[in-house]
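Data block below; observations after.
Order of the sequence lines fixes the chain letters, A, B, ..., with proteins taken first and strands second; residue numbering starts at 1 for each chain.
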Amino acid sequence: MSAVRFAGIGKSFGAFTALHPTDLDVADGEFLTLLGPSGSGKTTLLNICAGYLPPSRGRLLVGERDVTATPARRRNMGMVFQSYALFPHMDVHENVAYGLRVRRVPASEIARRVAEALRVVRLEGFARRAIRALSGGQQQRVALARALVIEPDVLLMDEPLGALDRQLRKEVQLEIRRMHLARPRTTLYVTHDQEEALVMSDRVAVMRAGSVVQVGTGRALYDRPADAFVARFLGESNLVAGTVAATDGTTATLTVPGLPHAIAGSAASGLAAGARAVALIRPETVRPEAGGLPARIVERVHLGEIVALRLVLGNGLELWCRRLAGTDPAGEGIEIGWDPASVSILPDAA
Amino acid sequence: MLDRLAGRLGPAALLLPAVALLAVVFVLPLLRLLELSFSDPAGAATPYVELLHDPIYRKVFAATAWVAVAVTAITVLLGYPFALALARAPLRWRVILFACVLTPLWISVLVRTFSWMLLLETNGPVNRLLVAGGIVERPLALLFNQTGVLIGMVHVLLPYAVLPIYAALVRVDPALLRASEGLGASPARTFLRVLLPLSMPGVATGGAFVFLLSLGFFITPALLGGASSITLSMLIDGFVNERLVWPLAAAASMILLAATLAFLAMAARFVAPAAVAEVR
Amino acid sequence: MAGRVALAAFAALLAAFLVLPVLAVVPAAFSARSFIRLPPEAWSVRWWGTFFGDPSWRRALLKSVEVAVLATLVAVPLGTAAALGLARLRGIVRRLALALFVGPVVVPVIVLAVALYAVARSAGLVGTTAALVLGHAMLALPYVALNVGVSLAALDPALGRAAAGLGASSWRLFRTVTLPLILPGVVGGAVFAFVTSFDEVVLSVFLAGPSAKTLPVRIWEEIRVEYTPVVAVAATFMMALAILAAASFRLLRRRRA
């Protein structure tokens with residue numbers, strides 16, 4: 001049984017369509033991330049789920065319950081806002097206790113549950129601090145505690161780490177992941193950061209221009225993207241344009257002008273012989289190979305443990321290659337190849 | 001060379017003409033008034049003693065304070081929901097409502113007060129409506145008493161309460177209201193626990209503005225009030241123009257000024273003095 | 001939902017309360033009788049003829065215009081220079097200067113009127129145009145300085161540094177860069193100064209004497225005794241001018257934004 005089901009949910013503002021009719025199921029206890037660039041409709045979807053935005057069409061089910069017309073305050077969802085939205089005139093304890101007071105929980109139980117929630121987010125001893133007196137990371141954790149303490153049916157998070165610096169963001173990502181694994185709770189998470197999505201999620205839904213393009217585990221999206229957009233959005237990619245020479249449904253070959261051999265790879269759905277397509281060759285799969293394609297190294301970019309090489313092939317085609325630092329070939333001339341099993345042939349997303 | 005000199009003298013040279021004007025037309029007259037207040041031949045402090053002890057004058061002080069408090073309370077109570085409606089109105093309506101608040105500020109207080117004289121007369125339109133509507137049996141006395149003063153002053157000072165409250169309301173992050181709603185709070189609870197407390201600084205600023213302006217208000221009480229509702233500013237006018245008693249007039253002015261400045265010092269937390277000018 | 005409707009209805013009612021009463025003087029100005037009854041039983045424009053024909057009203061109108069123009073001419077350059085000076089001050093000096101400049105706004109106008117009257121009387125200046133002009137300029141000064149100050153604060157300080165880097169002298173900098181950019185603020189301040197003076201009642205009642213009565217002083221005196229619809233004409237005239245000023249100020253502010 002799915003915990004949250006979007007059934008044909010769509011949203012228009014006048015003539016502008018923010019969200020095309022969308023079907024999406026979130027399993028009970030699953031951490032699902034909505035990933036996409038700004039304007040892709042991910043926050044619209046989240047706000048519809050929370051009840052802050054009425055959908056223009058479709059139905060929203062939580063468990064067996066149709067909540068499409070239920071006001072936000074009766075949905076029992078915990079929301080963590082991008083700005084945290086902590087009440088500035090209340091201290092940490094009062095912020096976390098707010099949802100419990102609304103639910104008329106007895107005072108002694110409020111004290112116990114707030115203390116427990118603060119312990120979970122490692123803020124014991126901060127109960128009487130003013131919000132102003134907290135760092136960004138601490139405020140983020142108070143917001144999380146406030147959302148969790150009401151035991152929500154669904155936890156919603158709208159780019160909650162956007163305001164943190166890079167180092168702290170990485171720590172909090174792992175912390176949220178560990179908390180989720182320790183006590184799985186149906187979670188919808190919105191971000192435009194692909195790394196964040198890959199670190200934290202059970203599954204990722206990639207969105208573009210108001211539609212969900214592909215849903216799957218991080219691994220599946222990375223290895224077998226549905227199209228060039230998803231490939232480009234997750235990780236680094238070489239996308240080589242050409243024409244489909246042949247396909248049997250599971251594999252395909254792509255002829256590329258100026259290359260001596262066609263590129264073979266597994267076929268994404270929606271390919272037909274003779275159609276324009278792209279081959280996805282991840283830079284880390286490009287390797288030196290004696291007797292392979294001759295190429296010239298025109299640029300070296302040192303990224304710490306990795307060195308990225310920009311290669312130019314005989315026909316002027318450019319490819320990026322990533323090697324562990326120290327294993328990158330010296331000199332200018334090089335012969336390269338790649339593992340056909342890691343190549344995908346994808347429809348060319350316009 | 002000349003440039004550098006101007007640069008060094010800069011601020012002082014630029015401020016000098018305005019400061020000179022204020023020195024002659026603002027500071028000097030106030031000092032002269034202070035001096036006059038101690039010039040009674042019967043003894044320097046006599047006017048102050050008389051003002052502060054005579055029951056007639058004490059009644060005037062009480063009436064002045066009462067009018068100021070009443071006007072402040074009414075403008076805030078009316079202004080808050082109006083500011084709330086303003087903050088929530090769709091853009092087109094907000095423009096219209098804003099024009100309704102701001103345009104009267106440009107029209108002379110004298111003209112606005114005169115309008116009320118025409119409306120509140122015994123046989124004026126307001127009374128005729130009340131009688132025709134069966135609300136009262138005979139026309140009410142709305143003019144030349146405290147009722148008239150309150151109506152006129154609330155009308156003139158209402159925008160000064162609305163604008164700071166509106167500013168405070170739109171400063172409240174809408175995500176806070178969503179957060180409250182998402183945590184299960186009813187609209188009433190969200191208003192009482194989140195929006196109202198967070199907009200209180202605007203209420204304090206607006207209330208302080210109105211109180212400050214009410215204390216020294218002259219035109220409206222003088223035209224709409226009567227012998228039964230004399231305020232301090234009317235008393236001062238009477239001392240100068242009817243009784244020609246300068247020491248008393250000067251002392252009463254100093255008391256009004258002191259009360260104004262004392263309130264300003266107390267309210268400095270809510271009202272930057274410059275903001276008083278800015279609202280207009 | 002019901003709450004929303006109630007709130008909107010309340011707002012509409014209060015907006016009407018703010019605007020409609022002010023308009024009461026307009027029908028009163030077109031009354032045919034010699035007393036005012038709203039709405040008038042018979043209409044006529046005869047009192048407009050009286051207003052523009054009667055020498056005492058005409059003198060008052062001209063005096064108001066004369067005083068307002070002169071007060072504006074005093075307040076605008078002084079206020080603009082002061083705003084430029086204030087913008088360069090820091091710390092305690094700035095706070096003191098600001099306190100002095102908002103003084104005329106904070107001190108009750110009846111106190112200012114009595115104080116000025118006392119000084120003007122001993123200097124023999126009661127009933128002179130000069131006394132009115134200086135008094136009004138003092139009241140208008142804060143508004144001019146504030147308006148110009150708002151424009152100045154919106155200026156990009158890098159502009160000044162850029163011009164100075166190109167070798168502009170400070171006068172040239174002011175003339176070619178600062179002034180054109182703050183001009184809307186200066187003009188807005190001038191509109192404000194003119195209206196402040198034109199509408200001013202209390203100082204004028206004390207300082208005008210018998211010889212320098214402005215329009216508001218004439219209205220004030222009529223209202224306090226027995227008035228005819230000609231007062232409503234004068235009030236309507238003042239209101240029309242104020243709305244014109246408000247509209248032009250709004251236009252200027254939009255240009256500035």
Side-chain angles (χ1 to χ4, degrees), chain A residues 43 46-53 67 70-90 94-105 110 114 117 131 139 142-160 162-163 188, chain B residues 76-77 79-81 83-85 87-95 161 164-208 267-272 275:
Chain A
T43 297
L46 194 77
N47 281 332
I48 287 172
C49 186
Y52 296 138
L53 205 59
V67 299
T70 307
R73 66 196 164 95
R74 297 198 204 286
R75 290 196 186 187
N76 197 37
M77 296 187 183
M79 176 90 159
V80 180
F81 292 82
Q82 188 169 12
S83 61
Y84 313 141
L86 297 175
F87 304 124
H89 57 304
M90 301 178 192
E94 283 309 308
N95 263 281
V96 178
Y98 190 87
L100 299 176
R101 290 200 198 289
V102 169
R103 286 165 175 72
R104 300 186 191 285
V105 173
I110 289 182
V114 169
I131 298 303
Q139 291 189 15
V142 176
L144 190 58
R146 186 176 69 177
L148 289 174
V149 78
I150 61 169
E151 293 294 332
D153 296 331
V154 185
L155 180 62
L156 306 172
M157 294 196 251
D158 185 9
E159 308 225 13
L188 258 179
Chain B
V76 167
L77 286 178
Y80 195 97
L84 191 63
R88 292 192 173 166
L91 184 64
R92 191 195 319 176
W93 283 102
R94 200 180 316 162
V95 171
I165 296 173
Y166 169 79
L169 282 171
V170 295
R171 263 199 305 272
V172 174
D173 181 358
L176 294 175
L177 308 180
R178 286 182 165 196
S180 172
E181 195 193 351
L183 290 166
S186 64
R189 190 185 189 102
T190 299
F191 175 73
L192 288 174
R193 292 292 158 85
V194 182
L195 189 58
L196 187 61
L198 288 176
S199 57
M200 279 320 276
V203 173
T205 306
R269 280 178 47 207
F270 318 116
V271 194

Open item on the list: I need the minimum non-hydrogen distance between B:Ala175 and A:Phe81, along with the two atoms involved.
Closed with: O-CZ, 3.9 Å

- [ ] Output the option from A:Pro88, A:Ala147, A:Gly78 having the highest count of non-hydrogen pairs under 4.5 Å with chain B.
- [x] A:Pro88

Task: Minimum heavy-atom distance between B:Asp173 and A:Ser83, given as atom pair plus value - done: OD2-OG, 3.5 Å

TODO: Identify which part of A:Leu100 has an atom lying under 4.5 Å from any heavy atom of chain B, answering side chain, backbone, both or neither.
DONE: neither

Task: Proximal component of A:Arg103, with respect to chain B [non-hydrogen, under 4.5 Å] - done: side chain

- [ ] Can you measure from OH (A:Tyr84) to CG (B:Leu176) and round to the nearest 0.5 angstrom?
- [x] 14.0 Å

Open item on the list: As an exercise: rank B:Ser186, B:Ser180, B:Pro174, B:Pro187 by heavy-atom pairs under 4.5 Å with chain A and give me the winner.
Closed with: B:Ser180

Task: Least distance between heavy atoms, A:Met90 atom then B:Arg193 atom - done: CE-O, 3.7 Å

- [ ] Would you confirm whether A:Tyr98, through its side chain, and B:Leu183, through its main-chain N or O, come within 3.5 Å as a donor-acceptor pair?
- [x] no

Task: Within-4.5 Å side-chain heavy-atom neighbours: A:Arg73 and B:Thr190 - done: no

Task: A:Met77 portion near chain B, given a 4.5 angstrom heavy-atom threshold - done: backbone

TODO: Select one option (side chain, backbone, both, neither) describing which atoms of A:Asn47 are under 4.5 Å from chain B's heavy atoms.
DONE: side chain

